[in-house]
Amino acid sequence: MQEKILIIGSSGQIGTELVIALRKIYGENNVIASDIKPSSYEIMNSGPFEKMDVMDEKLLGSIVKKHNITQIYLLAALLSATAEKNIELGWGLNMRSLSHVLDLARYGLIKKIFWPSSIAVFGPTTPKNKTPQYTVMEPNTVYGISKLAGERWNEYYWNQFNVDVRSLRYPGLIGWKGKPGGGTTDYAVEIFHQAIKNNKYQCFLKKCTCLPMMYMKDAIRATIELMESESKKIKIRSSYNLAGISFSPEEISEEIKKYLPAFNISYKEDFRQKIADSWPSSIDDNHAQKDWGWKIEYDLQKMTKDMIKNLTNKYQKKTVNE
Ligand code: AKB
């Protein structure tokens, strides 16, 4: 049977890359992008797009029926920093969107769901280094609380209704195609843009704040590998730890300086420092490795090289076209 995939949140940082990757595998017309606002030029011109607010359960149901959707990747969410500024919307959007999609599977309209969780499910009482899959979880941000609640709902729907839902606890994601929107780890993307454009960057975290991160190419591959694994291999239905690479602003700026020696970083912490301080510094993803064969490819050096190369090209093309 032909899979038909709906990506909710195709204009965001992950959606921008995931839609294109899935269209290459499943065919352009079998991957329907959707968002409240238009997606990238590449997405809008390579396959179907539906304008949709995921809070509108009726509209979601009608789009699922119209396209005979079999799988949903639910990427729409308010991230850690933005959700702290609007706690009602953060909680409402993050929880209601998940419950709408879980119910579509519960009542047999779709077969499989991907839903991203985050390292934000951990909190200040969690062991900071090599944080294990099963540990103390007392998140103290709205985003973290919503992700932990979502994980519990996933497992519940799997146990009670056999809903095939799969999830990853993403670290901070770094890519050159889409920009992140409202997270605490956003600095690790902004730093590349500012280094290439202005040779300087003011970081909103302290120089020694070490956080788990991952290059987008690895994150997209992890997502697709998880979704394409046989169901019996997926032993964890809440969400899998995903380690990535851990570094501080100072360490990434040293790596960038190897390509842009004049680059200068300064530090002025804001409210996001407190969020970062509550998260792990590094993650243990043993279960993902064992259960479905996960293996990371990009380390800090390889990622920095690829980011600088691609972003420099992007900015040069922009200047030529201007
Ligand atoms: C954020 O910073 O809020 C996100 C995340 C780690 O989930 N990038």
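Whatever order the structure lists ligands and atoms in, that order sets their numbers, starting from 1.
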Enumerate the atoms of ligand 1 whose separation from the nearest heavy atom of I119 is less than 4.0 angstrom. 6 (C)

Which of the atoms of ligand 1 are close to Y143, meaning less than 4.0 Å from one of its heavy atoms? 3 (O), 5 (C), 7 (O)

Take H193 and Y201 through the test ring pair (Phe, Tyr, Trp, His ring centres under 6.0 Å) and record every step on the way to the result. CA-CA 9 Å; H193 287 266; Y201 177 63; over 10 Å; no

State, with a plain yes or no, whether a side-chain heavy atom of R23 is found less than 4.5 Å away from one of S46. yes

The protein heavy atom nearest to atom 3 (O) of ligand 1 is S80 OG, 2.5 Å

Checking contacts here: is it the side chain or the backbone of A120 that comes within 4.0 Å of ligand 1, counting heavy atoms only? Could be both or neither. neither

Protein heavy atom at shortest distance from atom 5 (C) of ligand 1: S118 OG, 3.5 Å

Going by the order shown, which atoms of ligand 1 are within less than 4.0 Å of some heavy atom of W279? 1 (C), 2 (O), 3 (O), 6 (C)

How does L173 reach ligand 1, by side chain, by backbone, by both or by neither, if only non-hydrogen atoms under 4.0 Å count? neither

Distance from L242 atom CG to D284 atom CG, nearest 0.5 Å? 11.5 Å

Residue from L6, I8, I14, L22 passing side-chain contact (heavy atoms from CB on, under 4.5 Å) with Y73: L22

Looking at F161, I'd like to know if the NZ or CZ of R106 sits under 6.0 Å from its six-membered ring centre while staying within 45 degrees of the ring's axis. yes

Ligand 1 atoms in contact with L79 (distance to a heavy atom under 4.0 Å): 3 (O)

When you measure from the centre of the six-membered ring of W292, is the NZ or CZ of K235 closer than 6.0 Å and no more than 45° off the axis? no

Heavy-atom nearest neighbour in the protein, as seen from atom 8 (N) of ligand 1, with distance rounded to 0.1 Å: T185 OG1, 2.9 Å

Name the closest protein heavy atom to atom 2 (O) of ligand 1, giving the residue it belongs to and the distance to 0.1 Å. T184 N, 2.7 Å

Taking the six-membered ring of Y298 (Phe, Tyr or Trp), confirm whether the NZ or CZ of K302 is under 6.0 Å from its centre and within 45° of its axis. yes

